[in-house]
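These notes are about the structure you will find just below.
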Amino acid sequence: MKKLLSAIAGLLLSLSILAGTVNRVEPPSWWVGFQNPELQLMIHGEAISQLYPQIDYEGITVTAVTRVENPNYLFVDLNIAPETKAGTLQINFTADGEIMSTVPYELKARDAASAHRDGFNTSDVIYLITPDRFVNGDVSNDELPQCKEGIDRSDRDGRHGGDIRGIINSLDYLQQLGFTAVWLNPVLENNMTSTSYHGYSTTDFYKVDPRYGSNEEYLELDHELDKRGMKLIMDMIFNHCGSEHWWMDDMPMSDWINHYPSYEITSHRRTVNQDPNASQYDTRAMTDGWFVPTMPDLNQRNPYMANYLIQNSIWWIEYAGLEGIRQDTWPYPDKHMMSEWTWRLLAEYPNFNIVGEEWSLNPAIVSYWQKGKHNADGYQCHLPSLMDFPLQAAVSRGLNNEETWDRGLIEIYEALSNDFLYPDAGKLVVFPDNHDMSRFYMQVNQDVDLLKMGLAFYLTSRGIPQIYYGTELLLTHEGDHHGNIRADYPGGWDNDPVNAFTGKGLSKEQTDVRNYLSKIQNWRKNQKVIHHGSFMHFVPFDGFYTYFRYTDEEAVMVIISKNEEEKNINTSRFTEIMSPYSSGREIITGKQINQLETINVPARSAMIIELKK
């Protein structure tokens, strides 16, 4: 009997010691001074639910401790009083009054201007970078023992070695080109066995992938951007994680992931979100399905998951000083949770900006999500911006198609005529291409003139322009395989035969297009009429599409011509807006235009004219 009691006592002691081991506390730190005083900690550790967390810190109250079906998790709700001081508190984990483990937790002081940060806006031009394919600035992180996939630059789906250090080293170059904001495809850990370079299979929501660098280097990137007056936009994914995420082997609850362990692929029928006649079956088939077998679908209806994701966004904004978020696959997560997410973020950061990816060519579908939209079903979101996929498709068609009554430039005009559907079309992100589609140069059949017309349009029309890395270098690819579209940036690796940074090996056309883009973008930086002016366009006629950006004080005229020869355009149609002006200056060539009754427009070109009184 004595031996049995001794064995039981030893077992209980072992369990207590085991239960005292805390593997993770997420968020890993927090700040005092938020509008919302509530914080929910997710604590993971072997048998941690056997213990009770206690905190003795002035201003901090433990309001709830939730034990879930997995004994290796605790969810601890805290209230942080407004007067709470920054510092390090101790979380004591106790059993029968005895402290079994203590974990320090840092509460930081917010920067005084943090809540009032300005998000990316219409004054910006965004440069989109796939980090693995841009510049390899630190070869020491190419192969790391803790990472399952190493470098193989010959594999279009493999890791090529680009990193945050390479981006930092390239910021002067990007600034000279006229870019004012940088959006990186996801940089968080993707410790997957294969095809991890794209970043969309997160395995740790609080850690930068070590092959890109570290959290500290990401913070350094933001500081270097700040020095140059540039902004950082983070790519986030709430719909799914990677199948090799650390929690997949030990999930908190059975409904943490949709359709687990036997997954179902999503139907991709995104219109169920707006369809008043959609069945619940079809709605769940879209929102709860997995993208691919390696991307488990997160269940945002689970309130702990929802809170986890919302707090993760706030943590990165505050930690890294972000000026924006691009949210991947916007219509796939639970739409009510996404509404709450936008509301909670903007409550803390009223001037922040978020753009959602709704890849639909129907503006009625895209506009459903924008802040201020009055939807028939009563749904309200607080999303400021969306990617303007309908306009992107129309511009590609309009430039390529032969000019007829209903094809060609009229397709761009008609797309913009749908702006009445949006609460604020001026806040949409406009773009010629991105990491998921054929490059713009390929879309226009490698026609440099058409590409220039498109760039001039995107940089002067309404909205916030975004350019994909390499568009300025006329990058091409075979087929539409993503690994080919996301090609290595010339000069990003030692011994590259072509180097965009030095100009070595660039063709005459590449140099010309890059200079063309740079000239417009650097002019655009100081043009409030482009940033905030109204937009007026005229029905395309005689091979010309003409539109104006204007305020009460100034106006810019843009003429896009698909005519095969230079041709005069009679401006009498535009009297309602041009009447105060008598001359102008074309900003690409610098040419002075001394009279505006007729303007000579070169063949297959775009003219951007500052009108003068």
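Predicted, not measured: the structure shown is a model, and the values here were computed from it.
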Problem set entry | Salt-bridge contact D172-R228 (side-chain N to carboxylate O under 4.0 Å) | yes

For this session: Kindly state whether the ring of F205 and the ring of W315 have centres lying under 6.0 angstrom apart.
Result: no

Problem set entry | Face-on cation placement of R133 at Y197 ring, 6.0 Å and 45° thresholds | yes

Exercise. When you check the gap from the basic side-chain N to the acidic O, do R117 and E323 get nearer than 4.0 Å?
Worked result: no

For this session: Taking the side chain as every heavy atom from C-beta outward, state whether R24 and Y206 have any pair of such atoms under 4.5 Å apart.
Result: no

Exercise. Rounded to the nearest 0.5 Å, how far does CG of L221 lie from CG of N169?
Worked result: 10.5 Å

Problem set entry | Gap separating the CG atom of D157 from the CD atom of E149, nearest 0.5 angstrom | 9.0 Å

For this session: With salt bridge (charged side-chain N to carboxylate O under 4.0 Å, His left out) as the test, would you mind laying out the steps for K85 and E58 before giving the verdict?
Result: CA-CA 8 Å; K85 303 297 184 185; E58 188 172 354; over 6 Å; no

Exercise. Do the ring centers of H482 and Y200 come within less than 6.0 Å of each other?
Worked result: no

Exercise. What do the steps show when you test D388 against K427 for salt bridge (charged side-chain N to carboxylate O under 4.0 Å, His left out), and what is the final call?
Worked result: CA-CA 10 Å; D388 196 345; K427 291 184 178 179; over 6 Å; no

For this session: Using modelled atom types only, decide if a donor and an acceptor are shared between the side chain of Y127 and the backbone of L177 within a distance under 3.5 Å.
Result: no

Exercise. With respect to V429, which candidate in N353, L128, V355 satisfies the side chain to side chain contact (heavy atoms under 4.5 Å, CB included) definition?
Worked result: V355

For this session: Run through N190, T203, T193, N191 and flag the one making a side-chain hydrogen bond (donor to acceptor under 3.5 Å, both in side chains) with E244.
Result: T193

For this session: Taking the side chain as every heavy atom from C-beta outward, state whether P384 and I354 have any atom pair closer than 4.5 Å.
Result: yes

Exercise. Are side-chain heavy atoms of L39 and P27 found at a separation under 4.5 Å?
Worked result: yes

For this session: Compare all side-chain heavy atoms of P293 with those of S243 and state whether any distance is below 4.5 angstrom.
Result: no

Exercise. Roughly how far, to the nearest 0.5 Å, is CD of E220 from CD1 of I168?
Worked result: 4.0 Å

For this session: Show the numbers, then the answer: is there a salt bridge (charged side-chain N to carboxylate O under 4.0 Å, His left out) between D209 and K207?
Result: CA-CA 6 Å; D209 194 293; K207 181 182 178 183; over 6 Å; no

Problem set entry | Sidechain-backbone polar pair: N273 side chain, P331 backbone, donor-acceptor under 3.5 Å | yes

Exercise. Do W247 and H44 have ring centres separated by under 6.0 Å?
Worked result: no

For this session: Could you walk me through whether T94 and N92 pass the side-chain hydrogen bond (donor to acceptor under 3.5 Å, both in side chains) test, one step at a time?
Result: CA-CA 6 Å; T94 66; N92 294 322; over 6 Å; no

Exercise. Is there a donor-acceptor pair under 3.5 Å between the side chain of Y212 and the backbone N or O of G162?
Worked result: no

Exercise. Near W343 CH2, under 6.0 Å, is it more than 12 heavy atoms from other residues, nucleotides or ligands?
Worked result: no

Problem set entry | 4.5 Å side-chain heavy-atom contact, I48 and F93 | yes

Exercise. Just wondering, do Y73 and T66 contact through their side chains at under 4.5 Å, heavy atoms?
Worked result: no

Problem set entry | Side-chain donor or acceptor of S360 paired with backbone N/O of V366 under 3.5 Å | no

For this session: Please examine the side chains of T342 and K371, heavy atoms only from C-beta on, and report whether any two atoms are closer than 4.5 Å.
Result: no

Exercise. Is it the case that more than 12 heavy atoms not belonging to H116 sit under 6.0 Å from its NE2 atom?
Worked result: no

Exercise. How many angstroms lie between CH2 in W183 and CG in D124, if you round to the nearest 0.5 Å?
Worked result: 14.5 Å

Exercise. Would the number of heavy atoms belonging to other residues, nucleotides or ligands and lying under 6.0 Å from CD of Q380 be above 12?
Worked result: no

For this session: Check the pair E318, W31 against side-chain hydrogen bond (donor to acceptor under 3.5 Å, both in side chains), reporting the backbone distance first and the verdict last.
Result: CA-CA 8 Å; E318 199 68 30; W31 291 263; 4.7 Å; no

For this session: Taking the six-membered ring for Trp and the full ring for Phe, Tyr or His, determine whether the centres of F431 and Y468 are under 6.0 Å apart.
Result: no

Exercise. So which of I129, D235, I233, T130 actually passes side chain to side chain contact (heavy atoms under 4.5 Å, CB included) with L184?
Worked result: I129

Problem set entry | Salt bridge R165-D163, side-chain N to carboxylate O under 4.0 Å | no

Exercise. Under 6.0 Å between the ring centres of H240 and Y332?
Worked result: no

Exercise. Is there a side chain to side chain contact (heavy atoms under 4.5 Å, CB included) between D436 and R486 once you walk through the steps?
Worked result: CA-CA 9 Å; D436 286 328; R486 304 161 187 170; 2.8 Å; yes

Problem set entry | Between CZ on residue R301 and CG on residue D334, distance to nearest 0.5 Å | 6.0 Å

For this session: Give me the one residue out of D288, L309, N239 that meets side chain to side chain contact (heavy atoms under 4.5 Å, CB included) with L298.
Result: L309

Exercise. Is D132 reaching over with its side chain to a backbone N or O of G161, donor-acceptor style, under 3.5 angstrom?
Worked result: yes

Exercise. Rounded to the nearest 0.5 Å, what separation is found between the OG atom of S194 and the NZ atom of K148?
Worked result: 10.5 Å

For this session: Assess whether atom CD of Q146 is packed by more than 12 heavy atoms of other residues, nucleotides or ligands within 6.0 Å.
Result: yes

For this session: Take Y308 and E26 through the side-chain hydrogen bond (donor to acceptor under 3.5 Å, both in side chains) test and state the conclusion after the steps.
Result: CA-CA 8 Å; Y308 180 93; E26 293 184 344; 2.6 Å; yes

Exercise. Would you say the side-chain atoms of N185 pair up with the backbone N or O of H198, donor to acceptor, closer than 3.5 Å?
Worked result: no

Problem set entry | Min side-chain heavy-atom separation E357-T329 under 4.5 Å | yes

